[in-house]
Amino acid sequence: MIRIWGSVVGKLWVTILLLVSFVLFVFTVLMLEFLSKYHTQQSEALLRQEATTIARVVDDHKSIASTKSIIHDILSDETNAVIADKPGHDLFSLQEGVNSEKIKERIIREKSFNKAFTSSKPIVKEMMLPSSTERDHVESYIVLAFPLNVEKMEHSVVFIYQSPDAIHRTSKETTKIVFLSAIIAFLLTTFFAFFLSTRITSPLLKIREAAFELAKGHFDKKVPVLQNDEIGQLGIAFNQMGKQLKHHMEVINQEKEQLSSILTSMTDAVITFNSERSIILSNPPADLLLQKWAIKKRDEHQLIPNEIYHMLDHVLEMEEVLREELEMEGAYFLISISPLYSGDSVRGAVAVLRDKTEEHRLDKLRSDFIANVSHELRTPIAMLQGYSEAIIDDVVSSEEERNEMIRIIYDESQRMGRLVTDLLDLARMESGNITLYKEVVPITPVFERITQKFVQAAREKHITLTYSSSFDDVTLISLDEDRIEQVLTNLIDNAIRHTREKGIVQVVVDQQQDYARIQVKDNGAGIPKEDIEYVFERFYKADKARTRGKGGTGLGLAITKNIIEAHKGRILVESEVDVGTSFIFYLPLAKVSENKF
């Protein structure tokens, strides 16, 4: 609960109290001043009236002593009188209270009253005289010097003075009234202040609680509006503000989610930097890129390569967009960095990195492909051209030589035809246009039949070709038999051609989980370790270890890989120089493999 001194009620209460106290103070000062003047005037008028009466009495009786009792009756209770026939000498006095002699001596010896003995005009003066009630106290008195027997040149004077008790009593009564009014004002102020708290503070407290809820994100919080004054209008404005805030937050969240979705779905890496070159935002591709750089980094404080830092410094200092293509960490990137503004000042920058490595690789493959195709076509075309010119020019000397040249021309044209056919097949496969005609067939009979086609070719080269399978004759698999025959033909043919005499080529079929594993093994020359990753590329030749025969096109393994992947399988190679090579591919088994064929 808020303390009373820090609340609106306390401040309002104190303000009203100060205002009422100030008004009462001013009123009291003015009232006391007014009453003082009023009582002074009233006292002076009363003293004049009594002095006039005493003067008539003295004039009528000629003897001042004989009028003493009459004068005593004329004087009021607070009034005292002293009659003097000349300055400093009194005839008699009618006084009450202490210090009466001192008062009398001070009055008759006051020099300012001497004119009253020779003049007909009364003299009124306020004097500080000893108190008539306390011994060692001085009070203010009103003293009237009124001439007697004014027809004489020198005459007596009656000094009448009044005790200030009456004025003091009036002042005390006035002060009591003021204090009573102050107490009543305090009580009324307190009552009205706390009454106003129910009309002002209570709605404000509800608005404060609603503001705290609003700050926590509860935009549905409403303030009850029970009055139509300024506070009620404030509640209406608060509810409207909450409604608008909710709307704006929803719009901001939608835009934030939209921006997040855009950044997440982008294939380009987006990194946002602040003015201190620190990363404040990145999308998933950028996170992967940063992780890759973090693995390779040499400086723990450097999250990105120096090339990007240099570009970032340029953008933040020159405030211009920078776009460059760079090679970093063995990869190619197209980098675009733009400044981010906050008003007129740059608050950071956003960098967009597009990985161009694959494009560079494809460009290189394209150029290598053109070079390889040109190289592969150059020899048969040259041979076709040379032998054709020999026949046309009748260079041959016998019919046997002519037939030999014609046979060579035919063989080279067949080789060119196979090369073109393989290129078209490979192009269709890599473009996703390959069509598979799958059938559910028994595993062992199919692969055994394909292997048996090469027994005679192996025997001619004095190579042992064997086949083994862990499946029975009725286990089924779904595949395109013609395409798989093309794969196995290519692999067995390569194995026989690259295996020395008395070598061994094995075709082994077994099961690995839900896949059929087919292995084509040989103990031939093998493939160097550094060339293994390139064996499935087009026109691959590892001349130092393996050489193709005349009929090869260099596209067989590339086609093989595409056919296996089209069957949802995978192929790999294991090889060691002078030990042998194993091509292993996996094909998913049919779900009906338990059925009998």
Side-chain angles (χ1 to χ4, degrees), residues 296 327 329-332 357-380 415 418-419 422-423 425-427 429-430 454 457-458 461 463 465 484 486-508 517-567 569-587:
K296 297 180 180 180
E327 180 184 1
E329 306 290 343
Y332 294 88
T357 306
E358 185 64 19
E359 293 183 22
H360 277 266
R361 190 185 71 83
L362 292 176
D363 288 340
K364 185 177 183 303
L365 287 176
R366 189 179 299 112
S367 61
D368 291 344
F369 174 73
I370 295 173
N372 289 329
V373 169
S374 301
H375 177 73
E376 292 292 332
L377 290 175
R378 183 181 302 158
T379 301
R415 180 182 175 189
R418 289 194 301 271
L419 177 60
D422 287 346
L423 286 173
D425 286 344
L426 185 61
M429 291 177 185
E430 291 185 345
F454 293 90
K461 291 191 65 175
I463 295 174
L465 175 61
I484 294 301
Q486 183 180 357
V487 169
L488 205 57
T489 297
N490 187 25
L491 295 178
I492 296 175
D493 181 65
N494 283 345
I496 292 174
R497 286 192 291 114
H498 297 289
T499 301
R500 294 180 293 269
E501 290 186 1
K502 297 183 180 180
I504 299 174
V505 175
Q506 296 175 294
V507 178
V508 180
R517 181 177 66 175
I518 299 91
Q519 304 178 70
V520 179
K521 305 178 182 180
D522 66 64
N523 58 353
I527 303 173
K529 184 178 180 181
E530 62 271 14
D531 293 329
I532 289 180
E533 59 179 314
Y534 303 109
V535 295
F536 295 108
E537 291 187 3
R538 292 168 291 189
F539 302 109
Y540 162 77
K541 290 182 181 180
D543 294 330
K544 58 188 176 180
R546 303 178 66 153
T547 57
R548 284 193 185 89
K550 184 178 179 181
T553 63
L555 299 174
L557 291 178
I559 294 173
T560 296
K561 181 180 180 183
N562 279 275
I563 293 174
I564 295 300
E565 290 179 350
H567 280 79
R570 57 191 177 94
I571 186 170
L572 52 91
V573 58
E574 298 175 354
S575 182
E576 186 176 348
V577 176
D578 296 328
V579 175
T581 303
S582 295
F583 280 90
I584 307 167
F585 63 92
Y586 296 84
L587 296 174

Looking only at heavy atoms, what is the nearest atom pair of [X] and [Y], with distance?
{"X": "Ser582", "Y": "Lys521", "result": "OG-CG, 3.3 Å"}
{"X": "Thr357", "Y": "Ala331", "result": "OG1-CB, 3.2 Å"}
{"X": "Glu501", "Y": "Lys461", "result": "CG-O, 3.5 Å"}
{"X": "Thr581", "Y": "Gly526", "result": "OG1-CA, 3.4 Å"}
{"X": "Ser575", "Y": "Ile527", "result": "OG-N, 2.6 Å"}

What is the distance from atom [atom1] of [X] to atom [atom2] of [Y], rounded to the nearest 0.5 Å?
{"X": "Phe454", "Y": "Leu491", "atom1": "CZ", "atom2": "CG", "value": "9.5 Å"}
{"X": "Ile571", "Y": "Leu557", "atom1": "CD1", "atom2": "CG", "value": "7.0 Å"}
{"X": "Leu587", "Y": "Ile563", "atom1": "CG", "atom2": "CD1", "value": "11.0 Å"}
{"X": "Asn523", "Y": "Thr499", "atom1": "CG", "atom2": "OG1", "value": "6.0 Å"}
{"X": "Phe585", "Y": "Arg517", "atom1": "CZ", "atom2": "CZ", "value": "12.0 Å"}
{"X": "Arg570", "Y": "Glu565", "atom1": "CZ", "atom2": "CD", "value": "11.5 Å"}

- Query: Would Ile559 and Asn490 count as a side-chain contact (heavy atoms from CB on, under 4.5 Å) if you check the C-alpha gap in whole Å, the side-chain angles of each, and the deciding distance to 0.1 Å?
  - Reply: CA-CA 9 Å; Ile559 294 173; Asn490 187 25; 6.0 Å; no
- Query: Going through the checks in order, is the side-chain contact (heavy atoms from CB on, under 4.5 Å) test met by Arg497 and Asn494?
  - Reply: CA-CA 5 Å; Arg497 286 192 291 114; Asn494 283 345; 2.5 Å; yes
- Could you tell me which residues satisfy side-chain hydrogen bond (donor to acceptor under 3.5 Å, both in side chains) with Glu327, sequence neighbours excluded, listed by chain and number? none
- Message: Does the plane of the ring in His360 sit parallel, tilted or perpendicular to the ring in Tyr332? Use 30° and 60° as the thresholds.
- Response: parallel
